[in-house]
Number of protein chains: 2
Amino acid sequence: MAYAEQYIEKLRKSGLRPTKQRIKICEVLFDAEKTFHFTIKELVKIIENQANIKVSLATVYNTVHAFMKKGYLKEIPLNASQSYYDTNVTHHHHFFDEEENKLIDIHQDDVDEVNIKRTIPGKKIRSVEVIAKIVSDNQSQK
Amino acid sequence: MAYAEQYIEKLRKSGLRPTKQRIKICEVLFDAEKTFHFTIKELVKIIENQANIKVSLATVYNTVHAFMKKGYLKEIPLNASQSYYDTNVTHHHHFFDEEENKLIDIHQDDVDEVNIKRTIPGKKIRSVEVIAKIVSDNQSQK
DNA sequence: TCAACAGTTTAGAATAAATATAATATATTA
DNA sequence: TAATATATTATATTTATTCTAAACTGTTGA
Ligand SMILES: [Mn+2]
Ligand SMILES: [Mn+2]
Ligand SMILES: [Zn+2]
Ligand SMILES: [Zn+2]
């Protein structure tokens, strides 16, 4: 696996030693063809399914938090019952399908720059995120 | 209190009988000069402070949920550890001050209409919300 | 007016996400 | 490889939220 080097580097840059549990987590998170959104529970399930290695919840939480701090993962605030994470750390926005409970990326280029005319003294904007909630369009066709 | 009528109507429209606990909750939520953002814990504390009536957590949760369902309150997704609610149910956006953990309204007029060029087949957009995270601007003055 | 009923309140239990703990195990390094 | 620092894990704890079921209250129509 030629990717292992990259994972080890990501881990070290996150202040984490490369252990086999953490490298497994990296394989799931960063080896994917595409970026994806996940909850901790889903991540644990993926690891369990594709590995013969057991990783404790605590290790998963700690590793995910370290990657977030470093910017290798993003948290998407959606609802208060559970955290959603994103392996796509580029600046982008989201559709949230309220019926299927699923996040869909909207590329930055697909949203005109959000222009906020108001400012707060002494504060600067660090990030701007758009969440568009979508539902089935049951409009009868004209 | 001339407002009581309005509260009773709001409650009835939400499918709730007007009880003294629920009217108290209405007083806190809808009698304010201004709209505000709150967590359930904060709401319970406000009620405790300004009333000689005890309201259980379950009643607060149930009433808040009924008001949300009816559209008298909105939930603001911010982080997964706790729900934030908003008594401002008009279409608007938010700054989130990451240092003070505080939400600040951005009036709809202060944000140019968000133009999303991408669509999802069979789905329509129900709402679009912008959250701009802000931090102290420690830029040295030129 | 008031009994009967439907709906409400409440304390406490249950659930579930997230975090903390501390003993054991592993990675690093000299 | 020995010594040290760090990681892993099972388990406990914390906390937000929801559920439960018994006691209570608002409503309604006789
Ligand atoms: Mn929620
Ligand atoms: Mn929780
Ligand atoms: Zn995304
Ligand atoms: Zn608001």
Side-chain angles (χ1 to χ4, degrees), chain A residues 4-5 7-28 37-48 51-70 73-85 101, chain B residues 4-5 7-28 37-48 51-70 73-85 101:
Chain A
E5 305 294 311
Y7 302 152
I8 290 171
E9 193 182 339
K10 269 201 161 83
L11 287 165
R12 291 216 191 279
K13 285 191 174 168
S14 304
L16 299 175
R17 287 180 177 175
T19 63
K20 62 178 188 301
Q21 289 85 350
R22 287 170 177 166
I23 288 172
K24 183 70 224 171
I25 292 170
C26 286
E27 281 175 25
V28 171
H37 308 101
F38 64 93
T39 64
I40 293 291
K41 209 164 84 178
E42 289 165 353
L43 179 54
V44 168
K45 189 151 293 176
I46 296 170
I47 293 169
E48 276 174 359
N52 25 25
I53 174 181
K54 167 83 172 59
V55 181
S56 72
L57 246 196
T59 297
V60 173
Y61 271 108
N62 292 339
T63 307
V64 164
H65 282 167
F67 284 152
M68 278 215 293
K69 191 171 170 194
K70 186 65 186 177
L73 291 175
K74 274 204 308 188
E75 190 172 13
I76 311 295
L78 264 191
N79 68 64
S81 68
Q82 206 172 14
S83 285
Y84 280 72
Y85 302 93
N101 247 298
Chain B
E5 305 295 312
Y7 302 154
I8 290 170
E9 194 183 338
K10 269 201 161 84
L11 287 166
R12 290 215 190 278
K13 286 190 174 171
S14 305
L16 299 176
R17 286 179 179 175
T19 62
K20 61 180 189 302
Q21 288 86 349
R22 287 171 177 165
I23 288 172
K24 183 71 224 170
I25 292 171
C26 286
E27 280 174 27
V28 170
H37 307 102
F38 64 93
T39 64
I40 294 290
K41 209 163 85 178
E42 288 165 355
L43 178 55
V44 167
K45 189 152 292 175
I46 296 169
I47 293 169
E48 276 174 1
N52 26 23
I53 173 183
K54 167 85 173 55
V55 181
S56 72
L57 246 196
T59 297
V60 173
Y61 271 107
N62 291 339
T63 306
V64 164
H65 281 167
F67 284 153
M68 277 214 293
K69 191 171 167 192
K70 187 65 188 174
L73 291 176
K74 273 204 306 187
E75 189 173 14
I76 311 294
L78 265 189
N79 67 63
S81 68
Q82 207 173 13
S83 284
Y84 280 72
Y85 302 93
N101 246 299

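Below, chains carry the letters A, B, ... as their sequence lines are ordered, and counting in each starts from 1. Heavy-atom basis, side chains included; hydrogens, waters and symmetry copies ignored.
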- Note on the structure: Result for 5'-nearest mapping on DNA chain D, choosing between R12(B) and H65(B), is H65(B)
- Nearest to side-chain heavy atoms of A58(B), which nucleotide of dT10(C), dT9(C), dT27(D): dT10(C)
- Message: In this structure, how many angstroms lie between the C1' atom of dA17(C) and the CG atom of L43(A), rounded?
- Response: 15 Å
- OP1 or OP2 of dT17(D) under 4.0 Å from side-chain N/O of S83(B): yes
- Is any side-chain N or O of R22(A) closer than 4.0 Å to OP1 or OP2 of dA27(C)? no
- Task: For Q21(A) and dT6(D), give me the distance from atom CD to atom P, rounded to whole Å.
- Result: 17 Å
- Task: Round to the nearest Å and state the distance from K24(B) atom NZ to dT9(C) atom C1'.
- Result: 17 Å
- When rounded to whole Å, the CD to P distance for the pair Q82(A) and dA17(C) reads 5 Å
- Task: Among dT10(C), dT9(D), dT8(C), find the nucleotide with the atom closest to the side chain of T19(B).
- Result: dT8(C)
- Task: Tell me which nucleotide among dT28(C), dT9(C), dA11(C) gets nearest to the side chain of K54(B).
- Result: dA11(C)
- Task: Return the nearest nucleotide to the side chain of I40(A); candidates are dA18(C), dA27(C), dT10(C).
- Result: dA18(C)
- Item | Inter-residue atom distance N62(A).CG - R22(A).CZ, 0.5 Å rounding | 7.5 Å
- Counting only side-chain N and O atoms of K20(A), is one of them less than 4.0 Å from OP1 or OP2 of dT26(C)? no
- Query: From Y85(A) OH over to L73(A) CG, what is the distance, rounded to the nearest 0.5 angstrom?
  - Reply: 9.0 Å
- d(CD, E42(B); P, dT17(D)) in whole Å: 11 Å
- Item | Pair K45(A) + E42(A): basic N to acidic O under 4.0 Å | no
- Message: Between R12(B) (side chain only) and P18(B) (backbone N and O only), is there a donor and an acceptor less than 3.5 Å apart?
- Response: no
- Spacing of Y61(B) atom OH relative to dT10(C) atom C1', expressed in whole Å: 15 Å
- Query: K41(B) has a side chain; which of dA16(D), dT9(D), dT9(C) sits nearest to it?
  - Reply: dA16(D)
- Interatomic spacing from OG1 in T19(B) to CD1 in I25(B) - rounded to 0.5 Å: 7.5 Å
- Task: Write down the distance between CG (L57(A)) and C1' (dT21(C)), rounded to a whole number of angstrom.
- Result: 15 Å
- Send over the distance from L11(B) CG to dG7(C) C1', rounded to a whole Å. 13 Å
